Protein chains: 2
Amino acid sequence: MRQERSGAALEEAIDENFRSGRWRAGHRIPTERALSEAFGISRTTVRRVLAGYKDRRLISQVVGSGTYVGTDLPRLLQAATAPDASEVATSPAELMEARLALEPAIVQMVIRAGTSVDFDRMEVCCRNAENAATLEAFEQWDGLLHEAIAEAAHNALILAVFRLINNARGQEEWGMLKKRSVTPERRLAYQAEHRTLVRALRMRDLEAARDATQAHLAHVRRNLLGY
Amino acid sequence: MRQERSGAALEEAIDENFRSGRWRAGHRIPTERALSEAFGISRTTVRRVLAGYKDRRLISQVVGSGTYVGTDLPRLLQAATAPDASEVATSPAELMEARLALEPAIVQMVIRAGTSVDFDRMEVCCRNAENAATLEAFEQWDGLLHEAIAEAAHNALILAVFRLINNARGQEEWGMLKKRSVTPERRLAYQAEHRTLVRALRMRDLEAARDATQAHLAHVRRNLLGY
DNA sequence: CTAAATTTGTCCGTATGTATT
DNA sequence: AAATACATACGGACAAATTTA
């Protein structure tokens with residue numbers, strides 16, 4: 001893992017606190033030493049980061065008292081920090097790890113909240129994927145199947161999480177890997193795995209659904225990354 | 001759950017496919033009937049949605065052939081669909097459900113990827129939260145603790161998911177509920193639960209860590225929502 | 001009012017990894 | 001390929017200002 005600029009975590013946490021409104025104008029934020037401890041970085045580094053915010057007049061520091069959030073311009077930071085969130089830089093390996101951790105959890109919610117209409121939608125996607133003539137068409141219905149599953153959780157936050165994963169999946173590096181890894185027999189296997197998952201969801205069999213999800217993802221990872 | 005406009009899911013799926021680049025210029029998207037089936041909506045509704053995209057010249061339809069992605073202006077849609085993702089409208093109940101599903105999964109990754117430096121950071125946050133004089137200061141360190149946990153997964157996607165949750169947590173409705181629900185004795189209980197979790201993480205005891213997470217979240221939900 | 005504790009400001013020496021010569 | 005210079009981060013120490021007991 002490459003050594004990223006060492007104050008980055010602190011910066012993101014500060015932005016987060018600004019954005020969420022937890023740190024409002026006039027609020028006294030933790031001391032330099034406390035932040036240094038909490039983020040496992042030296043006070044020198046904390047000071048460098050805070051100096052950046054001070055230059056932009058987002059905070060002010062007074063000796064002997066503490067560090068305070070600027071009183072009049074809390075909107076500047078909103079403009080300054082807002083525009084990320086949608087593009088998450090990640091590697092295929094990281095992505096697969098996250099999917100293996102998160103998707104079984106999503107499946108659990110689907111079992112609790114999914115309706116027969118949702119399961120019907122999933123089956124339509126399976127059927128269309130199976131009948132797809134081209135790889136493009138297959139992936140299209142594969143994507144729609146995943147979308148249908150995420151929506152069956154009936155939870156806006158879960159859907160947002162799924163979109164996050166899916167966006168990362170649309171990245172370049174990933175597309176390259178996939179193109180080379182999806183052979184006709186693997187496609188058949190994927191289709192069977194999808195069917196198994198949808199069936200387990202409809203039966204509300206948590207064990208089976210989780211197993212199917214993990215087995216499928218492990219399969220994809222093996223084909224994609226070789227382990 | 002409120003009934004959202006019935007073509008919304010389809011619109012979001014289409015935007016998603018544009019954004020991710022899965023549907024490039026000239027691509028033939030699924031037939032109206034297929035979409036109608038896949039999304040559990042009538043073909044009339046599908047046509048209404050598609051008409052919206054056709055008006056904006058993002059797709060073109062030719063009778064007897066299919067619906068095609070516009071050839072020259074795929075950037076328009078990017079501008080048109082990009083700016084959400086950061087603000088997810090959700091209710092406290094939905095949020096708690098999602099947290100109960102996702103956070104145990106995150107915990108699992110922390111156990112695999114966390115380092116002793118990460119666990120030290122968490123303990124610093126616990127200590128500072130315990131020493132906090134005001135409720136504000138307590139919540140500040142509580143937030144930093146959660147951030148430390150999310151970062152200990154050492155996965156950019158997981159961190160993004162956590163930020164999504166945290167953003168939703170910063171919403172108005174949530175703040176109101178919390179203010180009224182955090183009494184001194186509850187705060188003490190939360191602190192103990194946090195300690196238990198961090199200890200389990202450091203010992204890499206998956207069972208204990210998951211139990212601690214679920215117990216804590218269930219506790220928070222009961223205090224917040226009454227069930 | 002005094003004194004101790006806390007917090008930011010400043011400087012120094014060291015270690016480590018990177019780029020250049 | 002080796003040696004040098006540079007940038008970055010760390011930890012410690014002390015001064016100055018403020019808060020608190």
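Numbered from 1 within each chain, the chains take letters A, B, ... in sequence-line order. Keep in mind that this is a model prediction, so the values were computed, not measured.
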Watson-Crick or G-U wobble mate for dA21(D), both contacts under 3.5 Å: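 Pair assignment: dA21(D) / dT2(C).
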
Any side-chain donor near an acceptor of the partner, Glu32(A) and Gln61(A), under 3.5 Å: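 Yes, because at least one side-chain N or O of Glu32(A) sits under 3.5 Å from a partner of the opposite role on Gln61(A).
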
Any salt bridge (Lys or Arg N to Asp or Glu O under 4.0 Å) involving [range]? Give me the pairs, sequence neighbours left out, ordered by first then second residue.
range	result
residues 145-157 of chain A	Arg121(A)-Glu151(A), Glu147(A)-Arg163(A)
residues 189-198 of chain B	Glu130(B)-Arg195(B)
residues 58-68 of chain A	none

Can you pull every protein N or O that's under 3.5 Å from an N or O on nucleotides 8-13 of chain C?
from: dT8(C); atom 1: OP1; to: Thr67(A); atom 2: OG1; distance (Å): 3.3
from: dT8(C); atom 1: OP2; to: Glu32(A); atom 2: N; distance (Å): 3.1
from: dG9(C); atom 1: OP1; to: Lys54(A); atom 2: NZ; distance (Å): 3.1
from: dG9(C); atom 1: OP2; to: Arg47(A); atom 2: NH1; distance (Å): 2.8
from: dG9(C); atom 1: OP2; to: Arg47(A); atom 2: NH2; distance (Å): 3.3
from: dG9(C); atom 1: OP2; to: Gln61(A); atom 2: OE1; distance (Å): 2.7
from: dG9(C); atom 1: N7; to: Arg43(A); atom 2: NH2; distance (Å): 3.3
from: dG9(C); atom 1: O6; to: Arg43(A); atom 2: NH2; distance (Å): 2.6
from: dT10(C); atom 1: O4; to: Arg43(A); atom 2: NH2; distance (Å): 3.3

Residues forming a salt bridge (Lys or Arg N to Asp or Glu O under 4.0 Å) with Glu123(B), sequence neighbours excluded: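 By the salt bridge (Lys or Arg N to Asp or Glu O under 4.0 Å) rule, Glu123(B) matches Arg202(B).
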
Euclidean distance, atom CD1 of residue Ile41(A) to atom C1' of dT16(C) [Å, nearest integer]: 18 Å

Distance, rounded to the nearest Å, where Glu37(A) contributes CD and dG12(D) contributes P: 11 Å

ring-ring contact (aromatic ring centres under 6.0 Å, His included) between Tyr190(B) and His216(B), intermediate numbers included: CA-CA 7 Å; Tyr190(B) 289 169; His216(B) 177 57; 5.4 Å; yes

CG on Leu145(B) to CG on Asn128(B), rounded to 0.5 Å: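 Spacing of CG (Asn128(B)) from CG (Leu145(B)) equals 11.0 Å.
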
Neighbours of DNA chain C within residues 131-145 of chain B, by heavy-atom distance under 4.0 Å: none

Chi angles and distances behind the side-chain contact (heavy atoms from CB on, under 4.5 Å) call for His146(B), His194(B): CA-CA 10 Å; His146(B) 280 80; His194(B) 285 158; 4.2 Å; yes

